[in-house]
Amino acid sequence: MDVKRKPFGEMDGHEVDSYTLLNDSGMELTFITYGGAITNILAPDREGKCENVVLGFDTLQQYVEHEHYYGALIGRVAGRIGGAGYSSNGKRVELTVNESGNHLHGGDKGFNRVIWTVEEVTVGRDEVSVRLFHLSSDGEEGYPGNVKVDVTYTLTNENEIMITYRAVPDRDTPINMTSHSYFNLSGDYKGDILSHRLKMDAKEILELSGDNVPTGKLIPVKGTPFDFREGRTILDGMKSGLEEGYDHAFVLNNEDGVISLSHEKSGRGMTVETDQESVVLYTGNHLTGELLTGGVTGRNHLGLCLETQGYPDAINHPHFPSVLVKKGEEYSASTTYRFFVEE
Ligand code: FUC
C-alpha cells in the first residue's frame with residue numbers, strides 16, 4: 001500500500017498535484033487536486049492485466065477547458081436545480097444560471113473547478129486514503145453560508161474504492177454531492193460502454209421535463225428501457241426505446257442498494273454500494289472529440305457515469321427526501337466501488 005504525489009501543473013499561480021493510491025495487487029486510483037478529479041483507475045481484467053477504466057486527460061489544461069466533468073467532484077448540489085433557485089423560510093434564493101435557465105452541477109465554478117487542499121494522507125496495512133478539503137464560501141454561485149467540505153478517497157486491498165463526503169454549513173443550504181467518473185471497463189477504452197451489462201434494483205426513475213429537470217413525479221420502470229432489475233446491456237436498454245442514451249435518476253431500493261456493472265469480454269466487473277437515495281445513469285450522450293489519456297479520442301458512449309446522490313432538484317420538491325442541511329449540522333454520504341473479475 002502506498003500513496004505517491006506528483007506535480008500535475010499550475011493554475012493561477014497555484015500548484016495542482018496528482019495523487020496515486022496503490023494497493024498490494026496492482027490496483028491504482030489517481031486523482032488531481034483540481035476538481036478532486038479522478039484521472040485514472042487501474043483495475044485487473046480476467047488475465048490479471050491492470051488497465052485504465054475511467055475517462056481522463058493527460059494535462060491540466062484539458063481539465064480546465066473541457067465541459068464534461070470528467071472524474072470530478074460535484075457540488076454543492078449535483079444535477080439540475082429548476083429555475084436556478086429555490087425558496088427557503090419564505091425567501092427566494094437565486095443561484096447561477098449555467099444551463100438553459102437552470103442551475104447545473106453547482107454552477108459556473110462548482111466543486112469541480114476549485115483546487116482542493118490535501119489535508120491528510122493515511123497509509124495503513126490494508127488501505128490507503130487521502131482526505132481533501134474545500135471551504136465553499138458564503139454566496140458562492142448564489143448558495144447561502146460558508147461550508148467546510150471534505151472528501152476522502154480510500155483504496156483497499158479488497159480492490160475497493162470508497163468515496164466519503166462530509167460538509168458542515170454555517171447557514172441552511174442544500175448540499176448533494178457526487179463524483180462524475182465515466183467508467184469504461186473494457187480497459188484503456190478498447191470499446192464503448194454499449195456492451196456493458198448493468199444491473200440495479202431500481203423500481204422507479206424520476207420523470208424529467210424537456211430540459212432534463214425532474215417534474216416531481218416518479219415513473220415505474222417495469223416494461224420500459226429503464227428496467228435494469230434483471231440486468232441487461234446498455235445497448236439492449238437503448239434499443240428498447242431510448243436511442244440517445246440514458247441521463248436519468250433511478251430511485252435505489254435501500255435494502256439492497258447494490259448496482260453492478262460488468263464487461264464480458266475483459267471479465268471486469270464493478271459493484272457500487274451507496275447510502276444515497278438515487279443514482280444518475282448518464283451514458284455520455286454528448287461527449288466531444290477531446291484527446292483522452294493514451295491518445296484515444298472522446299466520443300459518445302465511450303464512458304458511463306453512475307452518479308450516486310440524493311434526488312436531483314429535491315430542493316424544489318418538498319415530497320422528495322430533503323437535501324437541505326441545517327446550519328451546524330453535518331451532511332455525509334458514502335459510496336463504495338468494488339472491482340472484481342468474472343471467470
Ligand atoms: C450528467 C448529466 C448531464 C450533463 C453532465 C455532463 O450528470 O445529468 O446531462 O450533461 O452530467
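One is the number of the first residue; the rest follow in order along the sequence. Both counts, for ligands and for their atoms, begin at 1 and track the order of listing. It should be emphasised that the depicted structure is a prediction, and the values quoted were computed from it without experimental measurement.
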Geometric class of the Tyr282/His286 ring pair [parallel <30°, tilted 30-60°, perpendicular >60°]: parallel

Between Phe183 and Tyr337, how do the two ring planes meet: parallel, tilted or perpendicular, split at 30° and 60°?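 The rings of Phe183 and Tyr337 sit tilted, inter-plane angle from 30° to 60°.
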
Quick one: do Glu51 and Lys190 make a salt bridge, cutoff under 4.0 Å? yes

Between the side chains of Lys327 and Asp170, is the shortest nitrogen-to-carboxylate-oxygen separation below 4.0 Å, so that they form an ion pair?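 Looking at Lys327 together with Asp170, the answer is no, because their closest N to O distance does not fall below 4.0 Å.
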
Heteroatom distance test (Glu67, ligand 1): nitrogen or oxygen, under 3.5 angstrom: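 No, Glu67 has no N/O under 3.5 Å of an N/O on ligand 1.
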
Testing the basics here: between Arg268 and Leu185, what is the closest heavy-atom pair and its distance to 0.1 Å?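 Of all heavy-atom pairs spanning Arg268 and Leu185, the closest is NH1-O, 3.0 Å.
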
Minimum-distance protein heavy atom relative to atom 9 (O) of ligand 1: Asp247 OD2, 2.4 Å

Identify the protein heavy atom lying closest to atom 3 (C) of ligand 1, giving its residue, its atom name and the separation to 0.1 Å.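 Going atom by atom, the protein heavy atom closest to atom 3 (C) of ligand 1 ends up being Arg80 NH2, 3.2 Å.
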
Among Glu99, His105, His66, whose heavy atom sits nearest atom 5 (C) of ligand 1?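 That would be His105.
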
Please state whether Glu307 comes within less than 4.0 angstrom of ligand 1, counting heavy atoms only. yes

Does ligand 1 have a heavy atom under 4.0 Å from the side chain of His180, from its backbone, from both, or from neither?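 Side chain only; the backbone of His180 stays clear of ligand 1.
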
May I ask you to list the atoms of ligand 1 that are less than 4.0 angstrom from any heavy atom of Tyr69?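 Every atom of ligand 1 under 4.0 Å from some heavy atom of Tyr69: 6 (C).
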
Quick check: Tyr69 with His105 (ring centres under 6.0 Å apart)?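 So the answer is yes for these two rings.
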
